[in-house]
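Below you'll find the structure, written out as structure tokens, and then a few comments.
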Amino acid sequence: MKAPTRIVVARVAGLIAAGLFLLPAAELVATIVRSHQLSHLLPSLRSSQSVVFWRGVAVQLVITATGTVFMTAVVLMAAYGLSLLHGRKGLVARAVFVLPMVINGGLIPTYIVVRTVGLIDHPLVLLLTERVDVVLILVAAAAFSRSSTLREAAGIDGAGPAVTMLRIVFPAFPHLIGLIAALSALRYWNSWYPAFLFVHSAWLRPAQNILRSMAQSTDSVHGAELLRTIGGGSHAQVALYALLLLLPGIVFVGFVQSAVRSAFETNNRRTT
Amino acid sequence: MKPGSRIEQYFAWLLLAPAFVSLFVFQYLPIGGLGIAFREFSWRAPFGGQRVGLENVRIIFGDAGFIDAVVNTVKYAIVAGLTVAAVAVTIAGVFHLKSILTKRPSFSTWVMAPSFLSWVIVALLAIRIFSLRGTLNVVLVYGGIVTDPVPFLSNARLFPLVFISTTVWKHTGLMAFIIWTLLQQSTPEMRESAAIDGLGPVGAFFRIELGWLRPQLFALALLFLLLLLDAFGEQALSIGSAAVRNRADVIESYVYRVGIQRGRWAVAAAGSLIGTAVRLPVAAALLLFSRRLARSSR
């Protein structure tokens with residue numbers, strides 16, 4: 001096969017692969033278009049009946065904003081701390097992180113711990129029960145451990161450890177920090193499981209959980225009740241809400257991808 | 001201040017403290033809490049009930065629903081794990097060859113998108129596609145392949161197809177992207193020497209580049225398998241229904257119904273214990289392999 005033909009074949013194969021992944025999401029758009037209710041659907045987003053869904057969106061936004069700051073800070077601090085420890089201490093600290101990936105208590109002991117510490121139905125449960133991302137910590141720690149020359153130079157200039165971390169090392173890894181923040185934000189935007197397990201109050205229910213109840217309305221009494229509150233909740237309306245919740249994820253994907261690519265390019269430049 | 005000084009070491013532990021506290025409360029305490037499986041449970045003293053030995057384990061293994069859940073978990077992990085790995089390698093290969101031929105890195109964002117959607121959205125899409133009036137049935141009926149719509153979501157024999165295809169759709173993109181980024185580190189010299197040996201780009205990809213990445217791919221596959229096992233609970237609770245419970249239940253969804261819905265905490269904790277045991281061989285393989293990988297890269 002000649003090179004130009006190969007390029008065309010590879011491009012078509014790439015498009016098919018992308019299409020296969022895009023097709024199910026296109027189903028949502030098709031549902032909205034097929035419903036012939038577009039003129040009613042969009043105003044319904046502003047109606048007083050959709051207040052339950054918008055309250056859920058507000059909860060999801062608050063969780064995402066606070067969760068992103070919280071998780072990014074915890075991951076960055078842990079990763080930098082880990083990069084400073086060498087030898088046996090470093091090994092012990094790494095083992096503390098890796099062990100819960102290998103063994104975990106599972107659902108019931110976690111539920112009992114959360115209930116025992118009084119976090120059931122508490123707003124903080126939505127933040128704290130998201131698992132600390134160990135893989136990100138290990139990746140970031142590996143990146144930070146290459147900054148020993150920077151730290152040495154800062155030390156000679158008389159900078160303390162906190163100043164070195166915040167003013168010298170972190171600004172040298174903007175893509176990595178961006179990636180950690182983006183992944184944390186996505187994680188909290190998509191979060192529904194902690195609320196499903198640990199939250200009973202309607203005012204604390206995130207949009208993802210409201211959508212889930214709407215989608216499963218035929219199965220649950222609560223979902224059917226919610227649909228009546230929202231005002232009918234046609235298939236098209238559920239599809240529209242799903243599309244709204246899906247869009248930020250799609251936007252973030254582009255950012256995550258470019259951040260990873262830049263990180264790889266920077267890494268390649270550094271190694272060469 | 002010298003790198004490695006005592007102040008720097010204290011500072012390091014101080015930075016690690018928030019993550020350690022979070023891990024201790026939400027990961028290590030529950031591991032200790034698995035002991036509930038061998039005790040009578042009461043909310044007055046959740047971890048200090050009277051010992052009952054293996055009674056709860058016996059009760060849970062006496063339930064056919066639990067056996068189904070364990071079998072489903074293992075079966076889905078093996079089939080979905082292998083399928084995700086195979087599809088991801090193929091997609092990564094396509095985009096890698098495209099990058100080589102067009103001489104610039106190229107990977108479609110859309111392939112990765114499902115990995116960044118919540119299980120709520122993925123389940124909603126799956127239900128729309130596989131339902132009686134869903135896209136798949138429309139295609140099958142109008143294409144003349146079947147005369148009546150196929151009940152993918154309510155037929156216990158067909159449900160595994162829905163479960164595995166949603167797993168593959170959600171997880172493959174990210175894995176393909178990671179493999180593709182690893183492939184970007186392969187050198188043109190590798191492909192040139194393969195070309196001298198008479199291999200084309202596709203042959204070089206399968207015989208040389210994939211072989212070169214084999215250890216990393218194996219470790220990645222094991223890591224993904226652990227992630228799949230973690231996500232099965234969310235997935236089963238999102239797309240499963242009462243009609244296909246014997247095929248839809250995995251250990252975590254079973255434990256959720258027995259523990260949180262029915263309040264049989266000690267029996268459900270025994271289920272969590274078995275769930276941990278199912279993860280162990282995969283996790284042990286990952287640890288051993290990572291050690292070998294780290295040693296060989298030194």
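The chains referred to below are lettered A, B, ... by the order of the sequence lines, with proteins before strands, and numbering in each begins at 1. Here the structure is a predicted model, which means the values were calculated and not measured.
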Any chance you could lay out the side-chain contact (heavy atoms from CB on, under 4.5 Å) test for A/Y193 and B/W119, step after step, and finish with the verdict? CA-CA 9 Å; A/Y193 206 44; B/W119 267 116; over 6 Å; no

Under 4.5 Å, counting heavy-atom pairs only, tell me which of [options] racks up the most with chain B.
options                        : value
A/I103, A/T129, A/L82          : A/I103
A/L128, A/T116, A/L243, A/V132 : A/L128
A/V98, A/L246, A/D157, A/V74   : A/L246

Winner by heavy-atom pair count (cut-off under 4.5 Å) against chain A, out of [options]:
options                        : value
B/S238, B/G233, B/G259, B/G173 : B/S238
B/F26, B/F24, B/F41, B/F47     : B/F26
B/G33, B/G271, B/P30           : B/P30
B/V282, B/L227, B/V122, B/L124 : B/L124

Go through the atoms of [X] and report whether side chain, backbone, both or neither lie under 4.5 Å from a heavy atom of chain B.
X      : value
A/M101 : both
A/A95  : backbone
A/V114 : side chain
A/L119 : side chain
A/A73  : neither
A/A162 : both

Between [X] (side chain) and [Y] (backbone), is there a donor-acceptor pair under 3.5 Å?
X      : Y      : result
A/N190 : B/F116 : yes
B/S118 : A/S191 : no
A/R212 : B/I121 : no

Given a strict heavy-atom distance threshold of 4.5 Å, which part of [X] is in contact with chain A: side chain, backbone, both, or neither?
X      : value
B/L117 : both
B/L29  : both
B/W13  : side chain
B/I260 : both
B/L237 : both
B/T90  : neither
B/L226 : side chain

Grab the two heavy atoms, one from [X] and one from [Y], that are nearest each other, plus how far apart they are.
X      : Y      : answer
B/V25  : A/V113 : O-CG1, 3.4 Å
A/N104 : B/T276 : O-OG1, 2.8 Å
B/D230 : A/R131 : OD2-NH1, 3.2 Å
A/P161 : B/I7   : CG-CG2, 4.2 Å
A/G81  : B/L15  : N-CD1, 3.9 Å
B/S272 : A/G105 : CB-O, 3.6 Å

Count the heavy atoms of every other residue, nucleotide or ligand shown that sit under 6.0 Å from CZ of B/R39, and state whether that count exceeds 12. yes

Does any non-hydrogen side-chain atom of A/I108 lie less than 4.5 Å from one of B/E252? no

Can you find a pair of side-chain heavy atoms, one from B/W43 and one from A/R115, that are under 4.5 Å apart? yes

So, taking the atom named CG in B/L23 and the one named CG in A/L99, what distance separates them when rounded to the nearest 0.5 Å? 10.0 Å

Using 0.5 Å steps for rounding, measure from the CZ atom of B/F11 to the OG1 atom of A/T164. 8.0 Å

Quick one: do B/Q9 and A/L85 satisfy side-chain contact (heavy atoms from CB on, under 4.5 Å)? Show the steps, please. CA-CA 7 Å; B/Q9 298 289 299; A/L85 295 175; 3.4 Å; yes

Donor + acceptor pair across side chains of B/E234, A/W192 (<3.5 Å): yes

Just say parallel, tilted or perpendicular for the rings of A/Y111 and B/W265, cut-offs at 30° and 60°. parallel

Decide if the gap between the ring center of A/F196 and the ring center of B/Y256 is smaller than 6.0 angstrom. yes

